[in-house]
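Heads up: the structure comes next, in structure tokens.
Given the structure is predicted, the values throughout are model-derived calculations rather than measurements.
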There are 2 protein chains.
Amino acid sequence: MSEEALICAVDGGGTGCRAALATLTGKVLSRAEAGPANITTDPGGAVLNIMTAVERAALKLGPHAPKLEHLTAHLGLAGLLGADQGDAVAQRLPFARVTVSDDQKTALHGALGPRNGALLAAGTGSFVARRWKEITFFIGGWGLQLGDQGSGAWMGRELLGHILMAEDGLRRHSSLTNTVLARFEGETRRIVDFARDASPGDYAVFAPEVVAAADARDAAATTLMEKGAAYFDEALAMMDLHPDEVVCLSGGLGPHYERFLSPTFRSRIAPPAGDALDGALYLAQHLAEDSA
Amino acid sequence: MSEEALICAVDGGGTGCRAALATLTGKVLSRAEAGPANITTDPGGAVLNIMTAVERAALKLGPHAPKLEHLTAHLGLAGLLGADQGDAVAQRLPFARVTVSDDQKTALHGALGPRNGALLAAGTGSFVARRWKEITFFIGGWGLQLGDQGSGAWMGRELLGHILMAEDGLRRHSSLTNTVLARFEGETRRIVDFARDASPGDYAVFAPEVVAAADARDAAATTLMEKGAAYFDEALAMMDLHPDEVVCLSGGLGPHYERFLSPTFRSRIAPPAGDALDGALYLAQHLAEDSA
């Protein structure tokens, strides 16, 4: 095995970095992790942690450890703001060839693998994406303030808004809304206080409860799941999928939308082939082929 | 004129305090202003500015200046969180008799004067209220994060969300959305950046443009006004008004909803009798009568 024939993939985000080294055919030889890569708030620290993860993965190959300057790499980084920021990161890395994208792109390629189709990603945030041949399309992912419809954060915020409207007599309480209101000691003021400083992650804590309540036919929870699904239906419809394209659901919440999606898209659902790190491998592989 | 026969009204908020001294029949003898009253973030400073405004109003009466310990007063304070906080403020004031409420209550009484009816208040925030005989009902006013539907802040945030959805192909652009997008140099990233730290006041800056565009039959602006009006219709319907009750519109945005409200409520619209300071006078007057 020649050391030049290796590719490197990185999935970096606010909670940590993962790196993998693989052959040109995509066979993973080693994996490693390191600290967070907050590319916007701490670009220096991000590059340091990315390189730590890559070096750890390389060290695991012992005498077969590749020289980093010989690697072809792709990095998918959460929160990347445009191509400029990606280029700035790329210039600080030692690889022979490297591309940098946000983690939506790596999530899409990871989920689809070699298939054409769309990804409905719903975790704390949300977005919908499609790859057709090598062209990619993205919808949403604007963040909780102005978008992220159907996401866990959106769902928690909608739930609390629903509770306040129920207290105003404008919506109906349900078992779920009564349970959550009781956790705020029945006081709307405490809900408003919570919302004042709540991060997307704070709101997303309620999402698993909404999912469970919807499974138990809770009316308020069902309404929320349907409202989220209506957004995803609209976004998927905009993608104009060909008959052979699949729809993958990812994130903590994505798979739970399955039964709420319109039959058109439900019938296309297929398990994701992999995650964002797999997508970074896929992109590194293609970069290596293009450069060959 | 006996000095005991005076009442005092205060309208206090984050941008300043206003005080008025009046006779028991509500005839205003003097008015004065002072600095902000942020009752939650700076209760000491708030009480100081409230008293400065009251003392300035008293000084204007020269030799007829009343002793504050003889006054009956009502204070309406923005952002007051419940009765406990009102009592805490009341205990630090020198008046013979004093009640403290939030400014929603004083706005309601000020708008209605002696009439029964409802108030649709839409400025940076929003709420709907009703007084029937001496009973008051309030809906909304939960803040932008979880409520304030139809408010200026809500409208600005909805507009930016609409622009992002239009960029995604999920909504239509209009003259208004194109104009506002151009102000962000056509870059959705700049809109997302703006939203990251935007206060309700920052979002509300867009409301006058939405109003003007709706007047010019802009489709996106009209949709937003209709969506806000639908919320107010729902809240007013919940109030279950008697046939003789009026509907007052207040705040920078309130009157602009007139033509978007359902005919049921549009036919009841009557000009507000006064503002929150007038409402505080009304309540001080009733407190003096009750104590007499």
Practice problem: Could you tell me which of I191(B), V128(B), T188(B) has the largest number of non-hydrogen atom pairs under 4.5 Å with chain A? | Solution: T188(B)
Exercise. Just give me the residue among L160(B), L144(B), L164(B) that pairs up with chain A most often, heavy atom to heavy atom, under 4.5 Å.
Key: L164(B)
Quiz item: Do any N or O atoms from the side chain of D233(A) and from the backbone of L261(A) form a donor-acceptor pair under 3.5 angstrom?
Solution: no
Quiz item: Between D218(B) (side chain) and S175(B) (backbone), is there a donor-acceptor pair under 3.5 Å?
Solution: yes
Quiz item: Judged by atom type as modelled, is there a donor-acceptor pair below 3.5 Å linking the side chain of E245(B) to the main-chain atoms of H242(B)?
Solution: yes
Quiz prompt | Salt bridge present between R190(B) and D193(B) (N-O < 4.0 angstrom) | solution = no
Quiz item: With a 4.5 angstrom heavy-atom cut-off, which part of Y203(B) approaches chain A: side chain, backbone, both or neither?
Solution: side chain
Self-check item: Proximal component of F194(A), with respect to chain B [non-hydrogen, under 4.5 Å]
Solution: neither
Quiz item: Is H173(B) reaching over with its side chain to a backbone N or O of A220(B), donor-acceptor style, under 3.5 angstrom?
Solution: no
Exercise. Output yes when a side-chain donor or acceptor of D103(B) lies under 3.5 Å from a complementary backbone atom of G76(B), and no otherwise.
Key: no
Practice problem: Could you tell me which portion of F137(A) (side chain, backbone, both or neither) has an atom closer than 4.5 angstrom to a non-hydrogen atom of chain B? | Solution: neither
Exercise. Select, from I163(B), L170(B), V192(B), the one with the greatest count of heavy-atom pairs under 4.5 Å involving chain A.
Key: L170(B)
Quiz item: Of the backbone (N, CA, C, O) and the side chain (C-beta and beyond), which part of E158(B) lies under 4.5 Å from a heavy atom of chain A, both, or neither?
Solution: neither
